[in-house]
Each structure stands twice: as C-alpha cells, then as structure tokens.
Amino acid sequence: MPKHILVAVAWPYASGPRHVGHVAGFGVPSDIFARYHRLKGNNVLMISGTDEHGTPITMAADKEGISPRALADRYNEVIGNDLYALGLSYDTFTRTTTKNHYRITQDLFKTLLQKGYLFTQTSLGAFSASTGQTLPDRYVEGTCPICGYTEARGDQCDNCGNQLDPIQLINPRSKVDGNPPIFRETEHFFLNLPAFAEQLKEWISSQDHWRPNVRSFSLNLIEDLKPRAITRDLDWGVPIPLEGYDDKRIYVWFDAVIGYLSASVEWAHNRGTPEAWRDWWQNPESEHYYFMGKDNIVFHSVIWPSMLLGYGNGGELVGGTGEPLQLPHEVVSSEFLTMEGKKFSSSRGIVIYVRDVLSRYDADALRYYLSIAGPENQDTDFTWAEFVRRNNDELVANWGNLVNRTLTNVFRNFGSVPQPGAFTPSDEALLQATKDSFEKIGSLLEDARFRAALSEAMELSRQANGYLSEHEPWKLIKGDDEAKARAATVLYVALQVVNNLRTLLVPFLPFSSQKLHELLGHEGQIAGPLEFKEIVEEGDAKHRVLTGDYASWVGKWEYSELPVGQALRKPEPLFKKLDEKVIEEELARLGA
RNA sequence: GCCGGGGUAGCUCAGCUGGUUAGAGCGAUUCACUCAUAAUGAAUAGGUCGGCGGUUCGAGUCCGCCCCUCGGCACCA
C-alpha cells in the first residue's frame with residue numbers, strides 16, 4: 001500500500017547565493033529521502049522555495065539601490081539554478097512572493113485571529129532614523145553595559161555572552177548606516193504559543209521515533225513558552241489582512257513556515273488537480289518529514305505545529321470540513337558543515353558557493369561527498385583535500401572502477417549480457433548480498449541514516465571488486481571452452497551487481513546512475529530529469545518553479561535482473577579523477 | 001549564564017537498552033595482481049574511547065564535577 005509522504009525542505013533565504021553548507025544540511029539529504037521513496041513506489045510530494053521577505057533582504061536591496069523584489073528575483077533564480085544543477089528533485093520549488101502564498105498566509109493569520117490565538121501588544125522597538133524601518137536587535141550595535149565591549153549587538157554581547165536589549169546599549173547605533181536608532185512604542189500581533197503548551201507536550205511526548213536530541217530539545221522549549229511576535233514595521237512582506245495596518249507586514253518567519261502548505265497547494269493547482277494537496281495535508285495516514293539545519297528545529301517542532309494545531313481544519317483553505325492539517329511525523333535536523341576548520345562566512349571569504357563547485361566539478365562528486373561525509377549527526381568539516389580523496393579513492397576507485405572494469409570486460413568479449421552457467425556458492429553469495437541490499441539500505445534510508453546507507457552500497461561494490469579479483473574473468477577468457485563459460489558466468493554475476501547498484505545508488509548519485517542505465521543498454525529515465533516551468537498567476541504575475549515528471553521514472557527499489565543478450569553501449573568512465581592540484585587551487589581561491 | 005548536542009586509531013566517522021581481546025573506510029607498511037580512470041585484492045601496524053572521581057562482578061556505554069567545541073535562549077532567518 002503506497003504511502004503519502006511529504007518531504008518538506010527548509011526554505012533557503014534569498015539574500016544571496018547559497019553555499020555548500022546550505023545544501024549539505026537539508027538539500028542533499030532530503031533529495032536522497034524523496035528519491036528513495038519514489039523508487040519504492042510511495043506518493044512523494046517534495047516542496048520548498050526561496051524565503052524572500054524580511055529585513056536582511058530589504059537591507060541588502062537598499063545597499064544596492066534596488067527594490068527588495070528585484071533582489072529576491074535575482075537570488076531566487078540563482079538558488080533555483082543551483083538546486084537544478086545538483087539534481088534536487090523538488091515536485092515544486094517556488095517562492096514566498098507568489099499570490100498563492102500571500103493568500104494562504106493571510107488565511108492562516110485570519111483564522112488564528114478568529115480562533116483567539118493571536119493578540120496585540122505594545123512594545124518598545126528600534127527603528128532606523130533614515131528609513132523608519134524596524135531595526136532587528138542584531139542590527140543595533142553599541143557598548144555593552146555589562147562589560148564595556150564597544151561592538152556589542154542589540155541581542156547579545158559577543159564578548160561577555162550576556163543577553164541584552166537594544167535599549168540597554170550605551171551609544172547605540174544602526175549597523176546599517178551608523179546613525180543612532182530611534183526607539184518608540186509599536187503595536188504588534190503575537191502568536192499565543194503558551195496556549196498550545198499542553199497539546200504540544202502530549203504530542204511531542206508521543207513521538208517515540210524522533211531523534212532524542214530533537215525530542216528532548218523540543219520538550220525543554222515547551223517548559224517555557226512565550227508568545228511570539230508575528231508582525232513587523234516594514235513595507236516588504238505579506239500584508240496584514242486587516243484595516244489600519246498598512247505600515248506593517250507579517251513577520252517573515254510566520255509566512256516562511258506556511259510555505260510548506262502553500263507550496264503543496266500550488267503544486268496541486270499547477271498540475272490541474274487543485275484538491276490533490278489534501279491527500280497529504282488532510283490525510284491522517286500521510287507522513288510529513290521536515291528537513292532543516294539544527295538552528296531551525298524550534299520552528300518545525302514547536303512553532304509550526306502550534307500554527308497547524310491552531311488552524312485545525314478551519315479557515316478559507318480547508319473550509320471547516322474533513323481532517324485537521326497534519327502535524328510533522330519526523331523532524332530531521334542536520335548539524336553544520338564547516339569549511340577547512342572554520343565557520344562559513346561570506347563576509348570573511350570562508351565560503352564556497354554551490355554554483356562555483358558545480359562549475360568545476362560534477363554534481364555527483366559533490367553529492368557523494370555530502371552523502372558520505374555530511375553533517376548528519378555532528379558538525380563535519382569540508383576540506384578540499386578530503387573532497388579530492390573521497391572522489392578519487394572511493395567514488396572513482398571503488399564504484400567507478402567496478403563499473404568500468406566489468407563493462408569493459410563484457411563489452412570487449414561478449415558485447416552483450418552473457419549467458420551464465422551454473423552458479424557456484426561464491427556466485428550465489430554475492431547475488432544474495434545484492435538482493436539483501438535493497439532491504440538493508442532501504443531501512444537505513446527510511447531512518448534518515450544516509451551515511452550508513454551509502455556506506456552499505458559502497459561495501460557491496462567493494463565485495464564485487466573482491467569477487468572479480470578472486471575469479472579473474474580476464475584470465476579465464478583466454479582459456480579453454482570450460483574456462484570461457486566460467487568467465488561468462490562471473491561477468492554475468494558482476495553485471496547483475498552493477499545493474500542493481502545502479503538502482504541502489506540513484507538516491508545518492510542520480511546523474512551517474514542515469515549514465516550507467518544507458519551504458520547497460522536500458523531505455524528511459526531511471527530517475528530524472530528536472531525541469532523549470534513558468535507559472536502565471538492572476539494579474540499576469542509570473543514566477544518560475546522547479547519541478548519534474550517523476551512519475552515517468554522507470555527505476556524501482558527492488559532487485560532486477562539484467563536480461564541475457566541485452567546489448568551494452570560502449571563503456572566510458574562514470575566519474576572523473578581529480579588532479580591533486582585542485583586542492584591548492586581551491587585553497588588559493590579561499591584565501592582570495 | 002541557562003538548556004541541549006558533540007569530544008573514540010594520523011584523518012573522517014560507527015559503536016542500540018553497560019558484558020568476552022574497542023570497529024569501518026581512507027592514509028601508512030608489506031605481499032599479490034595488472035581486466036580496469038596506476039584503478040584492484042590480501043595482510044600488518046596504529047587507540048590509557050576529552051580529564052578527574054564514583055556506581056558495578058564488569059563502563060567508551062550509567063552518575064557527578066571539570067575542560068574544549070557546536071547550536072538554542074523568543075526582534076537573524
């Protein structure tokens with residue numbers, strides 16, 4: 001019975017190009033997960049988009065003298081291109097500036113307000129003297145009243161570590177223009193999170209399958225829930241759907257998490273089945289998996305669930321009928337990737353953008369590295385030396401070489417899949433290990449243990465290399481008829497392993513699996529490709545969506561036999577070996 | 001400061017509810033092989049499991065304290 005699986009991926013912020021750390025944490029892992037479940041025959045809906053509101057974008061735009069919309073347009077395109085090039089198979093990768101998203105965000109706002117989960121409160125806020133816009137606490141600097149550090153931020157002093165309020169700073173100034181900010185009273189809407197504390201506690205406590213760190217972290221947060229502001233004094237964002245709030249907008253975090261829902265609705269609309277999103281969102285049997293970095297757990301395990309609980313089945317979208325909106329099934333958080341031992345930092349040049357890596361290296365080389373050495377359970381360090389080593393000594397030497405030596409031997413001597421003779425125990429053992437791999441690797445993938453899953457696949461490849469070295473078909477082929485027949489059997493067995501590893505590796509290495517699919521003489525797309533579509537909304541508003549026709553994939557997550565007699569295409573290497581020089585070149589780029 | 005995660009071989013990491021001589025890959029060394037992108041296979045060497053103390057017949061695994069590191073702490077997203 002196929003399951004409905006929602007793969008909800010954190011929304012990259014469109015303030016600039018995204019670096020490797022961003023796609024390491026949620027991009028590649030979520031794609032592996034989605035691809036696996038599609039091959040398995042489940043109904044996967046993988047959604048995300050660029051998060052385009054908020055103060056950092058208005059400020060970046062001001063700096064360049066362009067509109068926030070123009071800045072968001074630019075980086076939506078850049079980020080979308082990166083994800084496409086990496087082969088991240090979103091059903092819909094959209095953006096938060098669509099009419100659809102505005103409408104649904106306003107629906108949630110109105111519904112939560114009607115149900116009494118929102119209230120207004122006045123507080124003291126900092127504003128830019130020049131633009132009048134909200135200055136977030138982090139954008140106010142000054143002297144720390146506790147330790148005297150002159151570069152303290154409005155939220156925290158980096159020197160003494162104490163938490164601060166911008167009003168406490170001595171000689172406060174805006175980080176943007178250096179002028180002292182203006183402090184004044186302002187009224188905002190708040191989400192009454194404490195109202196959900198009991199429900200959340202009960203719900204999270206029952207999530208036995210959550211990772212212990214996410215679960216205990218979240219339960220701990222619930223002990224001390226406070227209302228959270230959901231509006232800002234800005235002119236960039238989703239308008240508040242009430243009279244008299246023209247100078248305020250909905251706070252970016254509130255609208256960003258709603259993207260998971262709005263993107264699902266958009267997907268259904270774009271493919272001409274406008275009600276289809278309900279199969280995921282109003283179906284108690286559906287499972288929702290959220291992928292994000294560890295800094296974002298709170299939004300996915302506490303805040304978004306509160307909003308969903310508050311909305312229930314009410315509002316304009318759901319219409320007060322049927323099941324309430326589904327809560328997350330699993331919150332898969334990743335740790336952080338560091339770069340050559342340091343935190344990524346665009347301003348300090350410690351950064352490697354996705355587009356730059358992909359302009360010089362194959363997507364599968366990067367996907368391999370991030371899958372096998374990514375920050376799954378703890379922070380991990382990206383080094384160019386390790387990237388080259390993983391590529392050359394593991395991807396090329398183990399898997400690439402297995403494919404190449406197997407196909408070359410078969411192509412040269414037989415041209416097509418040879419007829420095997422009787423299997424020896426050694427043949428049977430390897431074939432059985434291959435069959436078992438689907439179950440073993442599948443269950444690791446279901447548990448989001450991507451590193452372990454890929455290690456299993458590589459271990460099978462290693463076994464096959466050992467098998468070939470043991471039986472030496474290239475020698476047998478030169479012997480008598482009996483030896484030649486044995487060579488055919490050995491190569492047949494090796495081909496079966498290669499053919500099935502092609503499938504087992506699709507989630508991790510979709511591009512090279514497709515290439516191998518073709519070299520083995522198969523037709524069609526084992527798992528791809530992606531495509532961009534232009535979507536036109538009412539009023540002729542256009543935006544680009546990353547999607548794909550994933551239903552046409554011919555790959556299936558099960559052992560399959562490569563038929564005797566199937567003609568192979570002329571073999572060529574799946575991967576490129578990298579010259580050690582690239583380590584120095586890349587390190588030089590980092591320094592520059 | 002408070003809460004949570006991490007600290008295991010040269011490197012990157014596995015080690016579930018405590019149980020015999022602590023594992024893998026890569027790197028190193030040796031041997032074999034040469035079909036294959038000088039790609040493979042076999043073997044060997046490498047660790048007082050961050051520190052100190054405790055519980056236990058027995059602790060990498062549990063408890064306490066400390067050190068280092070990452071994240072969160074509600075106006076970054």
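Scope of the values below: all heavy atoms of this structure, side chains included, with no hydrogens, waters or symmetry mates.
Note on A:E518 versus A:K515: no salt bridge recorded, every NZ/NE/NH1/NH2 to OD/OE distance being 4.0 Å or above. Note on A:R173 versus A:E141: salt bridge recorded, some NZ/NE/NH1/NH2 to OD/OE distance being below 4.0 Å. Under a 4.0 Å N-O distance rule, the pair A:K576/A:D362 qualifies as a salt bridge.
Among residues at least two apart or in separate chains, ring pair (Phe, Tyr, Trp, His ring centres under 6.0 Å) pairs with a member in residues 454-473 of chain A are A:Y467-A:H471.
Distances were taken from every side-chain heavy atom of A:R405 (C-beta onward) to each of B:U40, B:C75, B:C11; the shortest belongs to B:U40. For A:L225, the listed nucleotide lying nearest its side chain is B:A74; candidates were B:A36, B:C76, B:A74. Side-chain atoms of A:E472 lie closest to B:C33 of the nucleotides B:G71, B:C33, B:A77. Ranking B:U12, B:U37, B:A77 by closeness to the A:V252 side chain, first place goes to B:A77. Across B:G25, B:C76, B:A77, the shortest atom-to-atom separation from the side chain of A:D51 is found for B:A77. You'll find that the side chain of A:D295 is closest to B:G72, out of B:C33, B:U37, B:G72. In the set B:U12, B:A36, B:A77, B:U12 carries the atom at the smallest distance from any side-chain atom of A:A373. Closest to the A:N404 side chain, of the nucleotides B:G71, B:A77, B:A36, is B:A36.
Dashed line: the shortest gap from a side-chain N or O of A:R228 to OP1 or OP2 of B:A74 is not under 4.0 Å. Contact annotation: A:R412 side-chain N/O to B:A36 OP1/OP2 distance is under 4.0 Å. Between A:K475 and B:U34, a side-chain N or O to OP1/OP2 separation shorter than 4.0 Å is present. Proximity of A:Y369 to the phosphate of B:U12: no side-chain N or O atom is located under 4.0 Å from OP1 or OP2. In this structure, A:K343 does not reach the B:U69 phosphate: none of its side-chain N or O atoms is under 4.0 Å from OP1 or OP2.
For RNA chain B, none of the residues of residues 17-24 of chain A falls under the heavy-atom distance limit of 4.0 Å. The stretch residues 390-403 of chain A comes close to RNA chain B through A:R390, A:D393, A:E394, A:V396, A:A397, A:N401, each having a heavy atom under 4.0 Å from the strand.
Across the interface with RNA chain B, nearest-nucleotide mapping of A:E459 and A:S469 shows A:E459 to be the residue nearer the 5′ end.
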Using nucleotides 5-10 of chain B, report all nitrogen or oxygen pairs with the protein that are shorter than 3.5 Å.
unit_1	atom_1	unit_2	atom_2	d
B:G6	O2'	A:Q378	OE1	3.4

Show the distances under 3.5 angstrom between N or O atoms of the protein and N or O atoms of nucleotides 42-44 of chain B.
none

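Ring planes of A:H53 and A:H101: parallel class, angle under 30° (limits at 30 and 60°). In this pair, A:W384 and A:F387 present their aromatic rings perpendicular. The plane angle is above 60°, beyond the 30 to 60° band. Taking the six-membered ring where tryptophan is involved, the planes of A:Y260 and A:Y290 are perpendicular, since the angle between them exceeds 60° and thus also 30°.
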**OP:** Under the side-chain hydrogen bond (donor to acceptor under 3.5 Å, both in side chains) rule, what do A:R502 and A:N499 come out as? Steps first, then yes or no, please.
**Re:** CA-CA 5 Å; A:R502 164 195 61 125; A:N499 184 50; 3.1 Å; yes
Original post:
Can you list the steps and then say if A:R389 with A:E386 is a salt bridge (Lys or Arg N to Asp or Glu O under 4.0 Å)?
Top reply: CA-CA 5 Å; A:R389 188 195 69 68; A:E386 185 73 355; 3.2 Å; yes
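Among the heavy atoms of the strands lying under 4.0 Å from A:L221 is at least one base atom, whether or not backbone atoms are also near.
Paired regions of RNA chain B, where each region holds three or more successive Watson-Crick or G-U pairs whose two hydrogen-bonding distances fall under 3.5 Å, are B:1-7 with B:67-73, B:10-13 with B:23-26, B:28-32 with B:40-44, B:50-54 with B:62-66.
We find that CD of A:E470 is positioned 13 Å from C1' of B:C33, with the value rounded to whole Å.
Each of A:F382, A:F344, A:Y353 was compared with A:H19 under the ring-ring contact (aromatic ring centres under 6.0 Å, His included) criterion, and only A:F344 meets it.
An anti base is found at B:G15: its glycosidic angle is more than 90° from 0.
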